[in-house]
2 protein chains.
Amino acid sequence: MQEIRLTPISFIVLGLLSWAEKATPYELKRMAASLSDLWSVQHTQLYGEPARLAKAGYLSEQQEATGRRRKTYALTKKGREALAAWLAGPTSAFTELRDPGLLKLYFGADPQTVAAEQAELHRRKLAEYETFVARGSPEEAEGPFLALQAGLAHEREWVRYWEKLEKRKTESR
Amino acid sequence: MQEIRLTPISFIVLGLLSWAEKATPYELKRMAASLSDLWSVQHTQLYGEPARLAKAGYLSEQQEATGRRRKTYALTKKGREALAAWLAGPTSAFTELRDPGLLKLYFGADPQTVAAEQAELHRRKLAEYETFVARGSPEEAEGPFLALQAGLAHEREWVRYWEKLEKRKTESR
DNA sequence: TGAAGCATGTAATTTGTTACATGATTGG
DNA sequence: CCAATCATGTAACAAATTACATGCTTCA
């Protein structure tokens, strides 16, 4: 049981399991879909990461004896504690924008062109978020709700930004 | 000269070289610093990626005969074309928020606590951007300027978001 | 003149992605 | 009953991070 470094994906797995009691990688994948706008993970990582966490004692692992021999994971005490510590501890980590459209702009792509595309993409995403909110499953936990609010706010900002750029009359800075 | 897939880092290298004519990895690292709020890259990637690009014909590579035997890279015709095509082409790629603070919130961290920290971090970053703008090197290219505007807008949004959460009186959703 | 710190780079390790593969299910 | 699609997983590959290492300046 060697020590490993816990990464954001580790905490995603731990966090999802704290909601589910136990789950197979496939179930984790399904759960992770709800998180994909905030932090997407490839389905293959949901096979590797739980195995890694199990080996280090954060999860228990139990395998079907027959058929698919699926593995089911659950939090151990150590896993629950690690999650709690992370939730309670400070985060100094910082997001970069890392926006592909902005990167192009940075290196000299034509603003109007990029802006037109990006504005459209972000309007779509914004609309999607808004229907979420409108539908508003009221039993939903607070965390996802707050994250959605942040997503909304940023999408609004993106739409503002790109639309302004789009409408700008060429090169007048 | 095998074909490779061009990733965002590839374009960062190509883009930086389009500004510099030629550069060593170390010089690339220095140039990349200006980009770090938008898209940070580790210095070691600036050794590996140019080598990869050179092998695929996007860059020329020339090595010092003596001393450190530093390598100097420059765009080839193929490299210039690839960059131009990327700049002109569409981007459907999308940014995720991928914010560590938000991730914690999602999984149930205490909103006030996270918000207090994050608000502080973002206020600092915002202030930093504002001094950039105030100092305003006027010869700066348009791309970086526009990217900075986006950065500012999003930092303002983050500050609004976290401060609102911070001041919220507990659990009243 | 030697210690601190920047410049410069390679290697090992860890992560993440893509490609592939096969079993199960179900609507037509 | 068969084609499509979803479920489930592994393996190969590519990329990114960390650790390490050493040469060079500079200034006390």
Side-chain angles (χ1 to χ4, degrees), chain A residues 2-14 16 20 22-33 35-36 38-56 58 61-73 93-96 98 100 103, chain B residues 1-14 16 20 22-33 35-36 38-56 58-59 61-73 93-96 98 100 103:
Chain A
Q2 55 196 333
E3 267 329 300
I4 60 174
R5 192 172 16 218
L6 298 176
T7 67
I9 296 184
S10 310
F11 293 113
I12 288 174
V13 170
L14 295 175
L16 291 174
K22 62 193 177 61
T24 65
Y26 189 70
E27 288 163 344
L28 289 174
K29 169 192 155 187
R30 303 248 308 254
M31 299 170 75
L35 201 122
S36 68
L38 168 57
W39 202 305
S40 73
V41 319
Q42 305 275 328
H43 80 115
T44 54
Q45 285 186 265
L46 297 174
Y47 290 86
E49 186 63 20
R52 200 174 79 99
L53 291 171
K55 198 147 47 172
Y58 295 93
E61 178 180 307
Q62 174 203 350
Q63 187 167 28
E64 282 181 352
T66 71
R68 293 267 175 127
R69 304 185 58 73
R70 273 173 291 203
K71 291 175 181 166
T72 298
Y73 295 94
F94 212 80
T95 331
E96 295 160 21
R98 284 211 171 222
L103 188 63
Chain B
M1 184 145 74
Q2 55 196 335
E3 268 328 300
I4 60 173
R5 193 174 13 221
L6 298 177
T7 67
I9 297 184
S10 311
F11 293 113
I12 289 174
V13 170
L14 296 175
L16 291 174
K22 63 195 179 58
T24 65
Y26 188 70
E27 289 163 343
L28 289 174
K29 170 194 155 185
R30 305 250 305 255
M31 300 171 73
L35 202 119
S36 68
L38 169 57
W39 203 304
S40 75
V41 318
Q42 304 275 327
H43 79 116
T44 54
Q45 286 187 264
L46 297 174
Y47 290 87
E49 186 64 20
R52 202 175 77 100
L53 290 172
K55 197 144 52 170
Y58 295 93
L59 303 180
E61 177 180 309
Q62 175 203 348
Q63 188 167 27
E64 281 181 353
T66 73
R68 292 266 175 126
R69 305 185 56 72
R70 273 173 291 203
K71 289 173 182 168
T72 298
Y73 295 95
F94 212 80
T95 332
E96 293 161 22
R98 282 207 174 226
L103 188 63

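Naming convention: chains lettered A, B, ... in sequence-line order (proteins, then strands); numbering from 1 in each chain. Note that the structure is predicted; figures quoted are calculated from it, not measured.
The two residues B:Ala32 and B:Val41 make their nearest non-hydrogen contact at CB-CG2, 4.3 Å. The shortest heavy-atom contact between B:Lys22 and B:Glu27 is O-OE1, 4.2 Å. Here the shortest heavy-atom pairing between B:Pro25 and B:Leu46 reads CB-O, 3.3 Å. Here the shortest heavy-atom pairing between A:Tyr73 and A:Ala54 reads CE2-CB, 3.9 Å.
The nearest whole Å value for the distance from the CG atom in B:Leu28 to the C1' atom in C:dG9 is 14 Å. Rounded to an integer number of Å, the gap from CG of A:Leu46 to P of D:dT8 is 13 Å. The nearest whole Å value for the distance from the CE atom in B:Met31 to the P atom in C:dT8 is 15 Å. Regarding B:Leu6, its CG atom lies at a distance of 18 Å from the P atom of C:dT17, rounded to whole Å. What separates CD1 of A:Ile4 from P of C:dG16 is a distance of 12 Å, to the nearest Å. The nearest whole Å value for the distance from the OH atom in A:Tyr47 to the C1' atom in C:dT22 is 13 Å.
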With B for base contact, S for sugar-phosphate-only contact and - for none (protein heavy atoms under 4.0 Å), nucleotides 11-16 of chain D reads ----SS

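Contacts of B:Tyr47 classified as ring pair (Phe, Tyr, Trp, His ring centres under 6.0 Å), with partners at least two apart in sequence or in another chain: none. B:Gln45 is linked by a side chain to side chain donor-acceptor pair (under 3.5 Å) to nothing, counting only residues two or more places apart in sequence or in another chain. For B:Tyr26, there are no ring pair (Phe, Tyr, Trp, His ring centres under 6.0 Å) partners, not counting sequence neighbours. With sequence neighbours left out, the side-chain contact (heavy atoms from CB on, under 4.5 Å) criterion links B:Arg98 to A:Trp39, A:Ser40, B:Glu96.
Nearest to the side-chain atoms of B:Tyr26 among the listed nucleotides D:dG9, C:dA7, C:dG9 stands C:dA7.
Position along DNA chain D of the nearest nucleotide to B:His43 versus A:Lys29 favours A:Lys29 as the more 5'-ward residue. Residue B:Glu27 is the one, among B:Glu27 and A:Val41, whose nearest nucleotide of DNA chain C lies closer to the 5' end (criterion: closest heavy atom).
Classification of A:Arg52 and A:Glu49 as a salt-bridged pair holds, one side-chain N sitting under 4.0 Å from a carboxylate O.
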Where each pair must be Watson-Crick or G-U wobble with both distances under 3.5 Å, what dot-bracket representation of DNA chain C is obtained, with crossing pairs in [ ] and other-strand partners as |? ||||||||||||||||||||||||||||

